[in-house]
Trainee: 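This is the structure I want to talk about, given as structure tokens.
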Amino acid sequence: MPRRNLFLIFVFCLFSVLCYRASDPTHYARYFRQGLDDIETRHLEKVDRHELFDAAMKGMVATLDKHSEFFPEESATQLSEMLGGPYVGIGIQVSMDDTTKQLIITSVMVNTPAYQKNLKAADQIAKIDDWSTAGKTLDEATKRMRGEGKPDSNLNLTIIRGGETLEIKDIRRRSIQQTTVLGDRRQPPNDAWNFQLECHPQIGYIRIASFGDPTDHELDEALKTLADQQVKSLILDLRNNPGGLLTSAVHLCDQFIASGVIVTTRGRDRSIRERYDATGTAPYANWKLAVLVNGNSASASEIVSACLQDHHRAIVIGQRTYGKGTVQQVLDMESGKSKLKLTVADYWRPSGRNIHRRKDSKATDEWGVSPDAGMEIKLDDAQSKQLLQFRQRRDEAVSAAHRSANQSADDLPLATADPQLQKAIDELTK
């Protein structure tokens, strides 16, 4: 056979293989389209094509890891809230009491509609307008209070405080900017956070609720305030911090680490995708540090505690962290109307150890961040609830119009109310 013919046959075969490889992934798209069309045209009841798309995306993502998530258009704003962004509401945080199943206000943000109407932590919400909260879920109640996500609409609350039923009328919803960096207590006259410990003013106390858009600025302001007050020791409280923005965690570490790796991310093939190093500025490199963590400290809070621990910059106190060491990338879908939060990599400590707890990980395996030797202090359920109540009292506004009758009554010594914090104080004052 002539060489020219052999060459043509080879080119044709190569072209066929390439066409097959290019078309192979698309046949699933073709089947999906066929299924979508069949459901839309043949199902007994009329269906909405967009709802089918949302359901299909949720179904696909549900087969992945638990941190990947699809946010359809009506719930895409949740991502902004998770990262400390603004939301429409009245400025309260609520929880459902595990025992009584009652909706309870856990904190009230200063200078918000709830604050102006004198709502308080520990108030029980019995009704939202005429809608009873009894037997409802926390998610249902939260959505009801936020309405349709539009500012300048009113709601009424029926609350129970100390056995007395109160009607709070015409609370106007507005855009609320969450605060992510908190202190030890509020101070008059404007209820701003005081970042010095009341019992040890020479020690700073910064509590980070989550790592979000406002965190960098709020942290810088808090640290500058403490520096102006000649503070040289700091307790960084990351307990119950679910994480957030990687960049904010890196920014925090860069304040205290003069050189070296802060964190690396690795992809499916275990090769390093991104490496974050200290910039060398480290304005607080000489401060003594203690970091508080517990089983609800995850993601970005684990990056911070692992970095400060590996560089021997901080004592880590409390309980082993959650072990959520994966990187999620937020992808726009439908021209940004919906969002896909997809796990694309995982975090590794400066020491080269993994943070993430995998599905088959055992308690004896290496994951998360464990307290330093002799620094593990476990709290049982009763102690955890007691600590929550202690913090709620200290977080209350101190302005005369908002002070509770028992505002000044911290009825438990610190070593009992918060033994982990007490241990940090003991270590920093040695």
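For this chain, numbers begin at 1 and follow the sequence in order. Values reported hereafter were calculated over all heavy atoms of this structure, with side chains retained and with hydrogens, waters and symmetry mates removed.
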Trainee: How far apart are the closest heavy atoms of Ser271 and Asp269, and which atoms are they?
Mentor: OG-OD1, 2.7 Å
Trainee: For Lys430 and Glu427: C-alpha separation, side-chain torsions, deciding distance, then whether salt bridge (Lys or Arg N to Asp or Glu O under 4.0 Å) applies.
Mentor: CA-CA 6 Å; Lys430 280 184 177 179; Glu427 293 299 314; 3.1 Å; yes
Trainee: Whether the side chain of Gln386 engages the backbone of Thr416 through a donor-acceptor N/O pair (distance < 3.5 Å, no angle test) should be reported.
Mentor: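 Side chain of Gln386 to backbone of Thr416: a pair is present.
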Trainee: Between Leu414 and Phe390, is a side-chain contact (heavy atoms from CB on, under 4.5 Å) present by the stated rule, with each step listed?
Mentor: CA-CA 9 Å; Leu414 183 61; Phe390 172 77; 3.8 Å; yes
Trainee: Are Val231 and Tyr284 close enough, and set up right, to give a side-chain contact (heavy atoms from CB on, under 4.5 Å), and what steps lead you there?
Mentor: CA-CA 10 Å; Val231 166; Tyr284 310 103; over 6 Å; no
Trainee: Only one of Val316, Val304, Val369 passes side-chain contact (heavy atoms from CB on, under 4.5 Å) with Leu238; say which it is.
Mentor: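 The passing option is Val304.
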Trainee: For Arg161 and Asn118, work out which heavy atoms get closest and say how close.
Mentor: NH2-O, 3.1 Å
Trainee: Determine whether Ile105 and Leu119 make a side-chain contact, defined as any pair of heavy atoms from C-beta on separated by less than 4.5 Å.
Mentor: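 Result yes, sub-4.5 Å side-chain heavy-atom pair found.
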Trainee: Could you tell me whether the side chain of Thr158 and the main chain of Ala126 form a donor-acceptor pair under 3.5 Å?
Mentor: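 Such a contact is absent between Thr158 side chain and Ala126 backbone.
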Trainee: Could you check if a side-chain atom of His217 sits within less than 4.5 angstrom of a side-chain atom of Val181, using non-hydrogen atoms only?
Mentor: no
Trainee: Supply the atom-to-atom distance Ile159 CD1 to Glu164 CD, rounded to the nearest 0.5 angstrom.
Mentor: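 Answer for the CD1-CD pair, Ile159 versus Glu164, is 9.0 Å.
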Trainee: Is it true that Asp365 and Arg358 make a salt bridge, defined as a side-chain N closer than 4.0 Å to a carboxylate O?
Mentor: no
Trainee: Which atoms form the tightest heavy-atom contact between Val261 and His311, and what is the distance?
Mentor: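 Answer, listing the atom of Val261 first, then His311: O-NE2, 2.7 Å.
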Trainee: If only atom types and distance count, is the side chain of Thr133 paired as donor or acceptor with the main-chain N or O of Ile125 below 3.5 Å?
Mentor: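 The answer is yes, because a donor-acceptor pair under 3.5 Å joins these two groups.
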Trainee: Cut-off 3.5 Å, side chains only: do Asp418 and Gln422 have a donor facing an acceptor?
Mentor: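 Checked: Asp418/Gln422 side chains show no N/O donor-acceptor pair below 3.5 Å.
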Trainee: Does the side chain of Ser297 pick up a donor-acceptor pair with the side chain of Asn241 at under 3.5 Å?
Mentor: no
Trainee: Taking it one step at a time, do Gln255 and Asp220 satisfy side-chain contact (heavy atoms from CB on, under 4.5 Å)?
Mentor: CA-CA 9 Å; Gln255 307 305 303; Asp220 291 347; 4.2 Å; yes
Trainee: Quick one: does NZ or CZ of Arg186 land under 6.0 Å from the six-membered ring centre of Trp193, within 45 degrees of the ring axis?
Mentor: yes
Trainee: Check Gly244 against Ala300 and note the closest heavy-atom contact, atom names and distance.
Mentor: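 Shortest heavy-atom separation between Gly244 and Ala300 comes out as N-CB, 3.9 Å.
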Trainee: Answer yes or no: is there a donor N or O on one side and an acceptor on the other, between the side chain of Arg349 and the main chain of Ile355, under 3.5 Å?
Mentor: no
Trainee: Take atom CG in Asp170; do more than 12 heavy atoms of anything else shown fall under 6.0 Å from it?
Mentor: yes
Trainee: Sub-3.5 Å donor-acceptor pair from the side chain of Lys288 to the main-chain atoms of Lys232, do we have one?
Mentor: no
Trainee: Answer yes or no: is there an ion pair linking Arg391 with Asp237, defined by an N-O contact shorter than 4.0 Å?
Mentor: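 The answer is no: the pair does not qualify as a salt bridge.
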Trainee: Just so I know, are the side chains of Leu252 and Phe211 near enough to count as touching, which here means a heavy-atom distance under 4.5 Å?
Mentor: yes
Trainee: Mind listing the closest non-hydrogen atom pair of Val291 and Ser305 along with its distance?
Mentor: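 Shortest heavy-atom contact: CG1-CB, 4.1 Å.
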Trainee: Do the side-chain N and O atoms of Ser210 and Thr180 include a donor-acceptor pair separated by under 3.5 angstrom?
Mentor: no
Trainee: How many angstroms lie between atom CD of Gln319 and atom CZ of Arg239, to the nearest 0.5 angstrom?
Mentor: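 Here the rounded value is 9.5 Å.
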Trainee: Could you measure the distance from the CG atom of Asp184 to the CZ atom of Arg394? Nearest 0.5 Å is fine.
Mentor: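 Here the interatomic distance stands at 4.0 Å.
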Trainee: With a 4.5 Å cut-off on side-chain heavy atoms, are Ile168 and Asp123 touching?
Mentor: no
Trainee: For Ile160 and Gln102, what are the C-alpha separation, side-chain angles and deciding distance, and is it a side-chain contact (heavy atoms from CB on, under 4.5 Å)?
Mentor: CA-CA 10 Å; Ile160 299 174; Gln102 294 172 336; over 6 Å; no
Trainee: Under a plain distance cut-off of 3.5 Å, with no hydrogens placed, do Arg173 and Ser153 share a side-chain donor-acceptor pair?
Mentor: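 Short answer, yes.
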Trainee: Is Trp367 reaching over with its side chain to a backbone N or O of Thr321, donor-acceptor style, under 3.5 angstrom?
Mentor: no
Trainee: Ignoring hydrogens, what is the shortest heavy-atom contact between Arg320 and Pro371? Give both atom names and the distance.
Mentor: N-CD, 3.8 Å
Trainee: Please say whether more than 12 non-hydrogen atoms of neighbouring residues, nucleotides or ligands are located less than 6.0 Å from CG in Asp228.
Mentor: yes
Trainee: Atom CD1 of Ile235 and atom OH of Tyr205: how far apart are they, to the nearest 0.5 Å?
Mentor: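 Result: 8.0 Å between the selected atoms.
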Trainee: With a sphere of 6.0 Å drawn around CZ of Arg268, does it hold more than 12 non-hydrogen atoms of other residues, nucleotides or ligands?
Mentor: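 Incorrect, the count does not exceed 12.
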Trainee: Are there over 12 heavy-atom neighbours, none belonging to Lys136, within less than 6.0 Å of that residue's NZ?
Mentor: yes
Trainee: Within a strict 4.5 Å, meaning less than it, do heavy atoms of the Tyr322 and Ser299 side chains meet?
Mentor: no
Trainee: Charged N to carboxylate O under 4.0 angstrom, Asp380 versus Lys385?
Mentor: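 Looking at Lys385 together with Asp380, the answer is no, because their closest N to O distance does not fall below 4.0 Å.
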Trainee: Is Arg275 positioned over the aromatic face of Trp348, cation under 6.0 angstrom from the ring centre and no more than 45 degrees off axis?
Mentor: no
Trainee: Can you name the one residue among Arg357, Arg270, Lys324, Arg266 that meets salt bridge (Lys or Arg N to Asp or Glu O under 4.0 Å) with Asp346?
Mentor: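 Filter result, single survivor: Arg270.
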Trainee: How many angstroms lie between SG in Cys307 and CG in Asp254, if you round to the nearest 0.5 Å?
Mentor: 9.0 Å
Trainee: Answer yes or no: are there more than 12 heavy-atom neighbours, outside Asp48 itself, under 6.0 Å from its atom CG?
Mentor: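 Counting neighbours around CG of Asp48, more than 12 heavy atoms of other residues, nucleotides or ligands fall under 6.0 Å, so yes.
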Trainee: Verify, without hydrogens or angle tests, whether Arg172 (side chain) and Asp152 (backbone) share a donor-acceptor contact under 3.5 angstrom.
Mentor: yes
Trainee: Determine yes or no for a side-chain-to-main-chain donor-acceptor pair under 3.5 angstrom, with Glu302 supplying the side chain and Gly325 the backbone.
Mentor: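 Judged by distance alone, no pair lies under 3.5 Å.
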Trainee: Side chains of Lys339 and Asp332: does their closest heavy-atom pair fall under 4.5 Å?
Mentor: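 When only atoms from C-beta onward are counted, Asp332 and Lys339 do touch, with a gap below 4.5 Å.
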Trainee: Does a donor on one side chain sit under 3.5 Å from an acceptor on the other, for Gln309 and Asp372?
Mentor: yes
Trainee: Is the backbone N or O of Trp287 less than 3.5 Å from a side-chain atom of Arg313, with the two atoms forming a donor-acceptor pair by type?
Mentor: yes
Trainee: Flag the pair His200 / Leu428 as yes when at least one side-chain heavy-atom distance between them is below 4.5 Å, and no otherwise.
Mentor: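 The answer is no; the side chains never approach within 4.5 Å.
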Trainee: CG of Asn294 to OG of Ser301: how many Å apart, nearest 0.5 Å?
Mentor: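 Answer rounded to 0.5 Å: 8.5 Å.
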Trainee: Indicate yes or no: at least one non-hydrogen side-chain atom of Leu387 is less than 4.5 angstrom from one of Leu379.
Mentor: yes
